[in-house]
Structures are given as C-alpha cells and as structure tokens.
There are 2 protein chains.
Amino acid sequence: MSLEHAILGFLQYGPSSGYDLKARFDLSVQHFWPADQSQIYRTLAKLAKDKLAWVEHCEQEDRPDRKVYHITEAGSEELRRWLTRPLAMKGGRSAPLVQVFFAGQLSDEELLAMFRRRADEVRAGLEQLRQVPERAEQVTWGIDDPREEWCWYLTLECGIRSTEAFLAWLEDVIARIERGEAPRQREEAVCER
Amino acid sequence: MSLEHAILGFLQYGPSSGYDLKARFDLSVQHFWPADQSQIYRTLAKLAKDKLAWVEHCEQEDRPDRKVYHITEAGSEELRRWLTRPLAMKGGRSAPLVQVFFAGQLSDEELLAMFRRRADEVRAGLEQLRQVPERAEQVTWGIDDPREEWCWYLTLECGIRSTEAFLAWLEDVIARIERGEAPRQREEAVCER
DNA sequence: GTCTGATATGTGACTTGTCCTATATAGGAC
DNA sequence: GTCCTATATAGGACAAGTCACATATCAGAC
C-alpha cells in the first residue's frame, strides 16, 4: 500500500494529524497520489495498530481536539525499506485515452471538440502545477531539509514535463485533424462478420 | 466504469469471447488500461445482465466451448454516449514518484541506483511500446477501419511521447546527481520537535 | 438566534481491481 | 503414461479507493 508509505513519509518530517496530512497531500503529492480524507484516517488507524506510528491526543480549547500521529522506530525502518525497494513501474490507467482509442466512430467535429476540451483542461492543469511552489511556500511546510525539498521539486518537474509532452501531443493531434488528416470511416462502418 | 466501456468498444468492432478480449487488451490498450482476466469475465456477465450485450454459446470440437458476446443496440448507444462524455482528467497514481518525493533521506548512491534502475525499466518499456505495431499486425485484429486504426495509433503515440518525456527527465536527474548537484542533508537529519 | 465555514474525526456501503485457485479439453513433447 | 502449454471460463478472498453522510467545536457574519 503506497498511501501507507506516503503517510509514513510525511510523519518522518514531523508529527501530524489526519487533517494536516490531508492538506499536505493536496498541496504536494496530490498530482501523482491523490488521497481521500476518510482513507487517510483509516490508514492512520492501521499504522497505529501495526505499531508504525503512535497517537498523541491533543486537547485544544479554541478548536476540536486533534489526534497527532508520531512515527515510531519501526515506522522509520519500514519507510526506509520501502524507499529502497524496487517498485514495479506499472503504468496508471487513463480513461481519456480509452476514449481516444475507441473514438473512431465519432465525426471530425466531435473529435476536435473532445481534443480541444482536453487541451484546455491540460493547460489549466499545467498552470496549477506551475503555481504549486508559490502556493506551497505560503504554508508552514515542515520541510526545511534542502535535500528533501529538492526531491519534492523533482516530482513537480516530472509532472510538468510529462504534462507538457501530453499537451504537445494533443495540440499535434488537433492540428492534424484541422488539416483533414484523419482518415474517413469505411462506408459500411459497422462491421458484421 | 471504464473497463465496461472499453469492452463495449471492442465488441463494437465485432463479437468476442472473454478470452479474445483479454488478448486484445494485452495487445492494444494494455499500456493505459490493463485488464485482469477474471475481471473481464465478471464485467462481461454484468454487460449481459444489463442488456448491453448478449451471449452466444459456441460449441467447439477441438477446444473448450466459448461464450461469444455481441453488443446490443443499447450497448452501442451507451458506448457512443460515453465516448462523447467529458471525462474528468484525474491523473493516475504513481508509486515510483511517491518514492522520489520522499527519497531525501537516501544517499546519492541509493538515489542513483534507484533512478538508473528506473531508467532501464522505462527504456525497456519504450522498446515494448515501439514494437506494438509489429506485434499487433501479426494478429487477426478485427479493426479494418482506417479511422479506428488511426485512433489506435494516436494512443500509442501518446504513450511513446509521454514515456520519452519521462525518460528524459530521469536522465536529466541522473546527470544532475552525477554532477553532485543534489543538496546535502542537514546535519540533524532526523528532525525532532 | 441562526447560519455558514473552518477545524477535526470518523462510519458504512459500495465499486474496482488484484491474486490465487479451480475446472475442463486437447495437442504435442518426453 | 505424464507433463506442459494453449484454449476457455469462473469463483472467493482480499486490498484499495470512492462517495455520502454523521458528528462536534468554535468564530464570525447577518
């Protein structure tokens, strides 16, 4: 389970509550590992059960009480083990690409609409990615180790470069359709055999 | 559910058994939508239950009998509806990137080992992708519509270009580490607070 | 007073996907 | 004869993630 290890990673920076963690996920790893709030809490409970973290109950006066999780020795060891473990690079799923794959029966207009909408979304996503550093700086982060910060920027860079490549492909496809390079459908489009 | 629609997409090309479908997934959409064999069968059963497909039992002499699924009118409509539906571009998960994100506590040697291993894997994957057209040509495909074939090549192109961008990033990172550009860890690496 | 929003933690039901295993036929290798 | 591979279908258990909802406190707006 990667969420488990991502949480251990954050706890390694310092103790956190589930609420904190959710905020951190959304500000940093969200673009390659989105985390559901309720699942964070469940995973936190599991970590505590497995003795990879322990809970400190903090009573607060002005706000609801929080449960602050601390990583344990065993947790640090597990994290380190996982970090050095070779991971199968199994590619993620992309429903949008499935759409493209089967889009042959759509008209040029429908194809163009689809690709242009997609390109707009990707451009917006790219903008978001590029703003991550600024947005994150405003938050008290807990990462003050330059090496850890560097690693974080690496993943951002990766996201940006991959997204740029994806966008370039989209724009290329759009241009080709606009030039009329998409093959026509066969007459008897629905094949029976 | 995208698997449902991917299967409908294949059935739109022509009737198939679960076994056929598994082979087609592995030959074509596998790199952005891998499909588990047992889940294909389960989904097929669901499609039949929902009247989006119907089953033809084919007895064979030399081999085990097969259940051939045909798409229905309702199935075609559902497929078309899905193909033109705007899809949220939610990015996939990448455990390897999570590793990178939290890799700050590893040494340069460990980092290099990790990135080099990854680069090798990605290069191998790229090779695989580039060979897909040849491998697929040998198989009786069922796609003889040039437009559908074109859409298929588009997704392949997308995969190749994204992978190339990823590889370029990996090689870039490796070069930077080799030049000693990765920041050192702070002295008191393990932060207590 | 009531309503909204931020803070804070959870449960229950469900969907999707994965892994392992079971079953069965037939052909070819050894 | 037996073992392996290809063909063919499928169930059970589990892991992971999603969605909707429940609960509670406090601050400030209206």
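Chain identifiers are assigned alphabetically (A, B, ...) following the order of the sequence lines, protein sequences preceding nucleic acid strands; residue numbering begins at 1 within each chain. The structure presented is a predicted model; accordingly, all values stated were derived computationally and were not measured.
Taking side-chain N and O atoms only, A:Arg66 has a distance below 4.0 Å to OP1 or OP2 of C:dA8.
Where A:Pro64 and B:Gly18 each meet DNA chain D at their nearest nucleotide, the meeting point lying more 5' is that of B:Gly18. Mapping A:Arg63 and A:Ala35 onto DNA chain D via the closest heavy atom, the residue that lands nearer the 5' end is A:Ala35.
Counting to the nearest Å, the P atom of C:dG10 and the NZ atom of A:Lys46 are 17 Å from each other. Note: OH (B:Tyr41) to C1' (C:dT18) measures 17 Å, nearest angstrom. Regarding B:Arg24, its CZ atom lies at a distance of 13 Å from the P atom of D:dA8, rounded to whole Å. In this structure, CZ of B:Arg93 is placed 12 Å from C1' of C:dT16, rounded to the nearest angstrom. When the P atom of C:dT9 is taken as reference, atom CD1 of A:Ile7 falls 12 Å away, rounded to whole Å. For the pair A:Asp65 CG and C:dA6 C1', the interatomic distance rounds to 16 Å; values are reported in whole Å. The distance from atom NZ of A:Lys22 to atom P of D:dT18 is 9 Å, rounded to the nearest whole Å. Atom-to-atom, CD of B:Gln60 to P of C:dA24 comes out at 18 Å; the value is rounded to the nearest Å.
Residue pairs that meet the ring pair (Phe, Tyr, Trp, His ring centres under 6.0 Å) test with at least one member in residues 26-62 of chain B, sequence neighbours left out, are B:Trp54-B:His70. Applying the salt bridge (Lys or Arg N to Asp or Glu O under 4.0 Å) rule to pairs touching residues 151-164 of chain B yields A:Asp172-B:Arg161, A:Arg176-B:Glu157, B:Arg130-B:Glu164, sequence neighbours excluded.
In this structure B:Lys51 satisfies the side-chain hydrogen bond (donor to acceptor under 3.5 Å, both in side chains) test with no other residue, sequence neighbours excluded. Take B:Glu121 and apply the side-chain contact (heavy atoms from CB on, under 4.5 Å) test, not counting sequence neighbours, and it matches A:Met89, B:Arg117. The side-chain hydrogen bond (donor to acceptor under 3.5 Å, both in side chains) check on B:Thr84 picks up nothing, with sequence neighbours excluded. For A:Glu78, the side-chain hydrogen bond (donor to acceptor under 3.5 Å, both in side chains) partners at least two apart in sequence or on another chain are A:His5, A:Arg81. Not a single side-chain hydrogen bond (donor to acceptor under 3.5 Å, both in side chains) links B:Glu77 to another residue, sequence neighbours left out.
Here C:dC3 sits opposite D:dG28 as a Watson-Crick or G-U wobble pair (both hydrogen-bonding atom distances under 3.5 Å).
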Check nucleotides 19-23 of chain C against the protein and report each pair of N or O atoms closer than 3.5 Å, with its distance, or say if there are none.
residue: C:dC19; atom: N4; partner: B:Ser38; partner atom: OG; Å: 2.9

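For DNA chain D, no neighbouring residue in residues 47-59 of chain A is found when judged by any heavy atom under 4.0 Å.
Side chains of A:Gln99 and A:Arg118: a donor-acceptor N/O pair is present below 3.5 angstrom, by distance only.
For B:Phe166 and B:Trp169, the ring centers sit closer than 6.0 Å to each other.
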